[in-house]
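Beneath this line is the structure, given in structure tokens, with notes to follow.
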Protein chains: 2
Amino acid sequence: MEEFNNYFKSAFTVDNVIFGFDNGDLKVLLIKRGEEPYTGKWALPGYFVYPNEDLDTAANRILEELTSIKNVYLEQVKTFGAVNRHPFGRVITVAFFSLIKISHYNLQPASIAKKAQWHSVSKIGDLAFDHNEILAACLNRLKWLVRTRPVGFELLPPKFTLTELQHLYESILETELDKRNFRKKILSMNLLIDLEESQEGVAHRPARLYKFDKEKYKQFLAEGFNFEVKESKKKETQKTLSRKKQLQANP
Amino acid sequence: MEEFNNYFKSAFTVDNVIFGFDNGDLKVLLIKRGEEPYTGKWALPGYFVYPNEDLDTAANRILEELTSIKNVYLEQVKTFGAVNRHPFGRVITVAFFSLIKISHYNLQPASIAKKAQWHSVSKIGDLAFDHNEILAACLNRLKWLVRTRPVGFELLPPKFTLTELQHLYESILETELDKRNFRKKILSMNLLIDLEESQEGVAHRPARLYKFDKEKYKQFLAEGFNFEVKESKKKETQKTLSRKKQLQANP
DNA sequence: CTCCCTCGTGTACTTTTTACACTAATTAAA
DNA sequence: TTTAATTAGTGTAAAAAGTACACGAGGGAG
């Protein structure tokens, strides 16, 4: 016990990569640092974990302080603890990401709003600390997630069109998807409810609005996951070729 | 800076789930605790992270102290930091898992060997701390990994038969695989080299030996991953049914 | 020589994925 | 009110991948 207390202890933080979707673009909420080190640089929102706080509690706290939003999708991704990642001492940080609906994002107190800003993921420059690396890890996880689980809904307003959903996927996966195949796939999951309403205020044929079916989603989670969105293949994969070879060899 | 030093600091450890495969069974290396708390209970090997040590360095150190093995597959999985997970104070632990070839596993110094022991993953009892939870998380990740990347080789001796490889997959995935389909799939990846040798000392027709092709594997990693082993379907999935419904509705 | 055991192999069927193009609905402008 | 502009919405056929399934071959043990 006494021995225990003598061990080296390190500062312990949580960084939260807050994703949103707006204007056809995937965004991250960044904060302009007002203090040393890296003053003036953009950084991921993060803070020390309190002694009586679990990790995800800390991540939620950081999110709420910034956006006044609670209860959103939040996932632990990876822990970063390189010896020299913080110039003032040893700091270990657990990276989380969360998915929020930007439309629901309440303006924070002015003091915070001055510092916090949405940035298109595709146009991020040099961030403070190792935050580019953290962001990259979270982006990767998000890509995997979106191919695997129908979480797109977390980033869209409650009512959305299939085209919006497709743009969201395309933006996250950085690829183009075939409209018909995408719709076939998404609708075949039966996780969308057709609201039988249409878009308003657009200068072209209005699209149908859908909402996400939370009940069916629970069922889906319980039964195992059979969902994947794939991009087009442009060339024969190595796998295909080698399989053909194999078949020729053993006719 | 001064402020920085006043923040709450926590003890910081790494736990390493060391997987091996032997006798048709997936194993984990556990240690019998000789001190408080949880004296006498089995626990995952783990230790404090030193001030000048990166996380994966610490995980490798723990592995090496126990097994004298270096340079094996090692992956960070998740960080566990619940407020009360350690009765003596706040301890945050980063869980890693590693894959080793049990055949290469040198006997440690007797002092360690007395405490360390391989346990079949399927027969693990109550572990110390939250280690059952940590093990479960690592097992899940391993399942995903094995369906997605050809890492099975990390757990087998340098020369192995396809049946051994299949048993490894079956043991990790906790499912049965069809022999012909499994071989077709594995061979079509072109990651195995047929050694044109046979097993010896078995009381039946000896199987061919293969080894893993590291060069092709690098290529495979560079080109993106197209590998998955699936278990048999026993019933129509919900997806199939709903798709049929949809097709009937729009003929 | 026979028994016993595991090895190794092919095919037909089902499901999933992919590629691809035109008509419909609405607003804005002429 | 006609026309242009713009996005919405829809089906099908071909290719690839996945699945189910059974028997002769090769070796050791007795």
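Each chain gets a letter, A, B and so on, in the order the sequences are listed, and its residues count up from 1.
- Closest to the B/His204 side chain, of the nucleotides C/dC7, D/dA29, D/dG18, is C/dC7.
- In this entry the distance linking CG of B/Leu177 with C1' of D/dA20 reads 14 Å, nearest Å.
- Phosphate proximity of D/dG9 to A/Arg183: present, with a side-chain N or O under 4.0 Å from OP1 or OP2.
- With C/dC5, C/dC20, C/dG8 as the candidates, the nucleotide lying closest to the side chain of A/Asn181 is C/dC20.
- Each of A/Ser198 and B/Tyr210 was matched to the nucleotide of DNA chain C holding its nearest heavy atom; the match closer to the 5' end belongs to B/Tyr210.
- Of the candidate nucleotides C/dG8, D/dG9, D/dG28, C/dG8 has the atom lying nearest to any side-chain atom of B/Lys179.
- At a threshold of 4.5 Å between non-hydrogen side-chain atoms, the residues A/Lys101 and A/Phe153 do not count as touching.
- The nearest whole Å value for the distance from the CG atom in B/Leu162 to the P atom in C/dT9 is 9 Å.
- One can place CD of B/Gln166 at 12 Å from P of C/dG8, the figure rounded to the nearest angstrom.
- With C/dC5, D/dG11, C/dT17 as the choices, the nucleotide that has an atom nearest any side-chain atom of A/Arg180 turns out to be D/dG11.
- Rounded to a whole Å, the CZ atom of A/Phe182 is 18 Å from the C1' atom of C/dC20.
- One atom, CD of B/Gln199, and another, C1' of D/dG28, lie 13 Å apart when rounded to the nearest Å.
- Here D/dC21 is the nucleotide among D/dC21, D/dA29, C/dT6 with the atom lying nearest to any side-chain atom of B/Asp178.
- Checked by atom type and distance alone, the side chain of A/Asp178 pairs as donor or acceptor with a backbone atom of A/Asn181 at under 3.5 Å.
- Side chain of A/Arg183 to main chain of A/Gln166: no donor-acceptor pair is present (N/O by atom type, distance under 3.5 Å, no hydrogens or angles).
- As a whole-Å value, the separation of A/Lys185 NZ from C/dA19 C1' is 16 Å.
- Side-chain N/O atoms of A/Arg208 include none lying less than 4.0 angstrom from OP1 or OP2 on D/dA8.
- As a whole-Å value, the separation of B/His167 NE2 from C/dT6 P is 9 Å.
- With distances taken from any side-chain atom of B/Lys184 to the nucleotides D/dA25, D/dT19, D/dG9, the minimum falls on D/dT19.
- Using a 4.0 Å heavy-atom distance criterion, B/Thr163 is classed as a sugar-phosphate-only contact.
- Applying the salt bridge (charged side-chain N to carboxylate O under 4.0 Å, His left out) criterion to B/Asp194, with sequence neighbours excluded, gives B/Arg208.
- No donor-acceptor distance shorter than 3.5 angstrom exists from the side chain of B/Glu64 to the backbone of B/Lys70, with no hydrogens or angles considered.
- What separates CG of A/Leu187 from P of D/dT10 is a distance of 8 Å, to the nearest Å.
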